[in-house]
Structure formats: structure tokens, C-alpha cells
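Scroll down for the structure; my scribbles are underneath it.
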Amino acid sequence: LDNGLMLTPPMGWLAWERYRCNIDCRTDPKNCISERLFRDMADRLLEDGWRELGYEYVNIDDCWAAKQRDEQGRLVADPERFPSGIPALADYVHARGLKLGIYGDLGTYTCGGYPGTTLDYIETDALTFASWGVDMLKLDGCYSNATEQAEGYPLMSKALNATGRPIAFSCSWPAYQGGLPPQINYTVLGEACNLWRNYDDIEDSWGSVLSIVDWFFNNQDVLQPAAGPGKWNDPDMVVLEESKSQMALWAILAAPLFMSNDLRTLSDEARAILQNKMLISIDQDPLGIQGRRVIKEKSNIEVYLRPLAKSASAVVFFSRRTDMPYRYQTSLKNLNYTSGVYMAHDVFTGEMVQNLSDATNFTITINPSGVVMWYVYPVKLRELGNSSVLSVLCGARVK
Ligand code: A2G
């Protein structure tokens, strides 16, 4: 969506995967969906170094609203769990240099059974969110059909624009229509939305992460060209606290990085992965070209590539093996790199491989379910000015 927002994939924190629809503030005041939870997370994002790395959105998901609209037909926050109201929460978040996201649903009800935004409420709700100072809207798609969605998502996009407040727009539309053409037209989607959920909700398991990875890379011919500055595929939240593999593959996907975890109790190891600067800069690369899976070996090793600015690139060697670390031998030439000399940085260990000629065979050791991730850049290219090999490989728009 060409509204000047989200020129790189958005980053932040989102309540859903970890906190769901926990509205029991009496027995679980620290973890229920309430203003306290979002304030706590805003404090953490500011004080623990997340904000300066780009994690700037604090996003409310389902179950924030009261069960009834007010007399004017406006949505209202649950008065017991959000006694200060959403505008006050937006102020709190903004005072910390962060942004506030909210959740709605195009349909009769939200997935959790709260008031939905039917077609006749689109304008009202857009105006309400803008008047509250909200910076992003995720519009879910429970309780509506394909026709209503094809009408409603573009309508909400226009209504948000008409409020005059910059509000980024996340559409769950494709996730409800199979995520693929002909049901989903990715050109239309890119014109209406800044990001979109294409597939199933993530769960906190490696199986769930793998099923998402499979779906996105098996359908990369459709999905990869659809992404770019201002319009992103969203494989859903980053959930596993110790998952280098998830973060590496999300960065290849140019995915939004919304964490859904407890920032108050996160382990140092997990924090180091989520705060890895090189990994973040790969995810946030200004060209905004989504990467692709380029090799699938019988040995269950896979290689993923994403072209980056300044003729650099990111490579992920991923092992689906479940037995033991695997020694994988290849060369940059095997991965279709232009002939020349390169430098590679290991994104997780910080080690450098110098003077790597495209023809040099190298061997890396990949842990089971693990990755080795490299940031690669040319030291000397024989054919100059060249990101063309990678751009052909990725079917992508490189200037
Ligand atoms: O409703 C849906 O399942 C959402 N899925 C999920 O992310 C969460 O918001 C949940 C809340 O009830 C999609 O948006 C695809």
C-alpha cells in the first residue's frame, strides 16, 4: 500500500500467540489482555534496547473490546481491563517513541467473539481508531465471506487514508481465502494493504514453524514477487525463544518481526538472537526483495538466498535433519554467484570467511533443525556493478 509506511518490514511486539484471549485479570493480572500488559511491554521495548533496533510497534490483538458498541455505534475498550482507555494507552506508547497497533475484524464478530466491523461500520471504526491515535490496524477476517472481504478490505484501506492519520494496514484477507491465486490477487492486495497474513496462525512449536516455512517457500513463485517496500507477506509472529532458524528464515522472507513472548522474562540467549544487529539489518534491507529457497538436497539440507543492497546477499543453510550435525560442502558458484572474490560473515557467531572465491569449496557444519547464516558481500567482482546474477535468480527488481 503506497501510503509511505512500512518501507521495510514492520517490527515490534504482538500479544496474540502468547497471551491469546486471557481476560482473567482477577487471577492473572500480569498476563491478562489489559492496559497493564501493553504498558509493561512498551517499557521493556524502550528500556531493554529493542526500540533502537527497530522494534517499535506495541500491538493489541483480539479481546480488547467491550462486548457492545456505545450509543453512537462506536467500539469501546473493555472498561475494567482498559480503565484509562485506548487514547491514554496510545499517549503512553507514543511518549516512549513507540507506535500502537490495534485489532479489528471485517465481519459480524472477531474470531474471539467481540464486536466485528461489518461493511456499514468501516468508516466509523476507521475514524474511531484515528481519533484514538492508533498507528496500525490488523483487520482479521472471521465471520465474513469472500465477497464481503473483496469489498471490505479495499474499503477500509480507503477509509483509513481518508482519516488523514497515517495508519498502517495489516490484512488477514488472504489467510481466509487459501492465500493463492485465483482467489487472491496479489496486485490488488499490494495496493490495499501494507502487510497481509497469507496462511495459518503460528503456534509455539517447531512443527508449526516448519509448516509455515514449507507453505511460504513451496509457493514462492507467487509470494516472492508480491513483496516489496510498503507491502509484505506476513508468516506471523516470531515465537520460539531459542530459534535461530526461525529468525534466519523470517529474515529471508523479509517478514515483519513481531515478537509474541514475555519480554519481562526473556532469557539472555533468546534476547541475543532477537537483538542480533546483522540479522535485523538483513530483514530490514532497503531493497525489500524477498528471498527464495534455491537448493533442496536429498540429505535434507536446504539453501536460501536473499539479495541485499550494495550487491550483498544473505545465505541460510538450513538442516531439516533430526540426527546430528551435518557437514555440508558447496561453493558460492554452486549457489549461482557471479565469479569474483567475496567476504562472508557468520551472522550468529560473528566469524568471518575472507577471500572466498566463487569457486572455492567450503564445508560448514549445520546442527539438526539448525541454520548457518551468512552475510556475503563482494570484495572484487570480475564483472562489475553486478547484482544481476542474484536478481535473475530471485526474479526480482534490482535497480
Ligand atoms: O484470530 C485469527 O485467528 C487471527 N488470524 C489470529 O492472528 C488472531 O488475531 C486471532 C484472534 O482471535 C489471522 O489474522 C489470519
Side-chain angles (χ1 to χ4, degrees), residues 1 6 9-10 12-24 31-34 37-38 41 57-67 75 77-78 81 100-118 125 129 134 136-146 148-150 152-153 156-157 168-180 183-184 186 189 192-205 208-209 211-213 215-216 219 223 226 231-240 246 250 253 255-261:
L1 166 58
M6 297 187 169
W13 184 89
L14 201 161
W16 181 254
E17 197 285 323
R18 174 61 71 93
Y19 297 91
R20 309 284 167 134
C21 201
N22 175 1
I23 54 169
D24 187 358
N31 299 303
C32 64
I33 301 301
S34 71
L37 180 67
F38 298 98
M41 294 305 159
Y57 285 94
V58 180
N59 283 15
I60 304 171
D61 207 271
D62 203 353
C63 311
W64 60 270
K67 289 275 178 157
L75 290 169
D78 182 278
R81 293 180 287 118
L100 183 70
I102 206 161
Y103 165 100
D105 185 291
L106 183 72
T108 332
Y109 299 101
T110 72
C111 301
Y114 290 79
T117 305
T118 45
D125 291 355
F129 296 142
V134 160
M136 172 173 174
L137 170 66
K138 167 178 168 183
L139 193 61
D140 208 344
C142 275
Y143 303 106
S144 55
N145 62 33
E148 289 157 342
Q149 291 177 6
Y153 280 98
M156 179 58 93
S157 182
F169 188 32
S170 165
C171 302
S172 299
W173 184 7
Y176 287 89
Q177 302 302 332
L180 295 172
Q183 284 78 15
I184 291 302
Y186 274 93
L189 206 55
C193 316
N194 291 114
L195 65 160
W196 47 79
R197 284 283 313 284
N198 320 51
Y199 188 62
D200 292 351
D201 293 354
I202 203 162
E203 302 283 337
D204 210 333
S205 78
S208 164
V209 172
S211 76
I212 292 174
V213 166
W215 191 86
F216 276 82
N219 294 303
L223 305 177
K231 42 180 193 162
W232 308 101
N233 293 301
D234 182 359
D236 211 2
M237 292 158 279
V238 178
V239 290
L240 296 176
Q246 192 195 357
W250 259 233
L253 281 170
L257 297 179
F258 285 110
M259 305 176 282
S260 193
N261 47 23

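Whatever order the structure lists them in is the order used to number ligands and atoms, beginning at 1. Treat the numbers as computed from the prediction; the structure is a model and nothing was measured.
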Student check: side-chain heavy atoms of I102 and M136 closer than 4.5 Å: no
Decide salt bridge (charged side-chain N to carboxylate O under 4.0 Å, His left out) for E203 and R20; before the verdict, give the C-alpha distance in whole Å, the side-chain angles of both, and the deciding distance to 0.1 Å. CA-CA 11 Å; E203 302 283 337; R20 309 284 167 134; 3.2 Å; yes
Backbone of Y114 reached by a side-chain donor or acceptor of T110 within 3.5 Å: yes
Considering only non-hydrogen protein atoms, determine which one is nearest to atom 12 (O) of ligand 1 and report residue, atom name and distance to 0.1 Å. D62 OD2, 2.8 Å
Which atoms of ligand 1 are found less than 4.0 Å from any heavy atom of C111? 1 (O), 2 (C), 12 (O)
In the protein, which heavy atom is nearest to atom 2 (C) of ligand 1, and how far is it? D140 OD2, 2.9 Å
Scan side-chain atoms only and decide if N233 and N198 contain a donor-acceptor pair under the 3.5 Å cut-off. yes
Tell me whether Y199 has any N or O atom under 3.5 angstrom from an N or O of ligand 1. no
Closest approach of any protein heavy atom to atom 6 (C) of ligand 1, naming residue and atom: D201 OD2, 3.4 Å
Do D62 and W16 meet the criterion of a side-chain donor-acceptor pair at a distance under 3.5 Å? no
Which of the ligand 1 atoms, numbered from 1, are nearer than 4.0 Å to a heavy atom of G112: 12 (O)
among protein heavy atoms, the one nearest atom 14 (O) of ligand 1 is S172 OG, 2.6 Å
Closest contact, heavy atoms only, G113 versus K67: O-NZ, 3.7 Å
Ligand-residue contact atoms, ligand 1 with K138, heavy atoms, under 4.0 Å: 6 (C), 7 (O), 8 (C), 9 (O), 14 (O)
How far apart are the C-alpha atoms of D140 and Y176, what are their side-chain angles, what is the distance that settles it, and do they pass the side-chain hydrogen bond (donor to acceptor under 3.5 Å, both in side chains) test? CA-CA 9 Å; D140 208 344; Y176 287 89; 2.7 Å; yes
Hey, does D61 come in under 3.5 Å of ligand 1, counting only N/O atoms on both sides? yes
A175 neighbourhood, listing ligand 1 atoms whose heavy-atom distance to it stays under 4.0 Å: 15 (C)
What about the rings of W250 and F216, do their centers lie closer together than 6.0 Å? no
Indicate yes or no: does an N/O atom of R197 lie under 3.5 Å from an N/O atom of ligand 1? yes
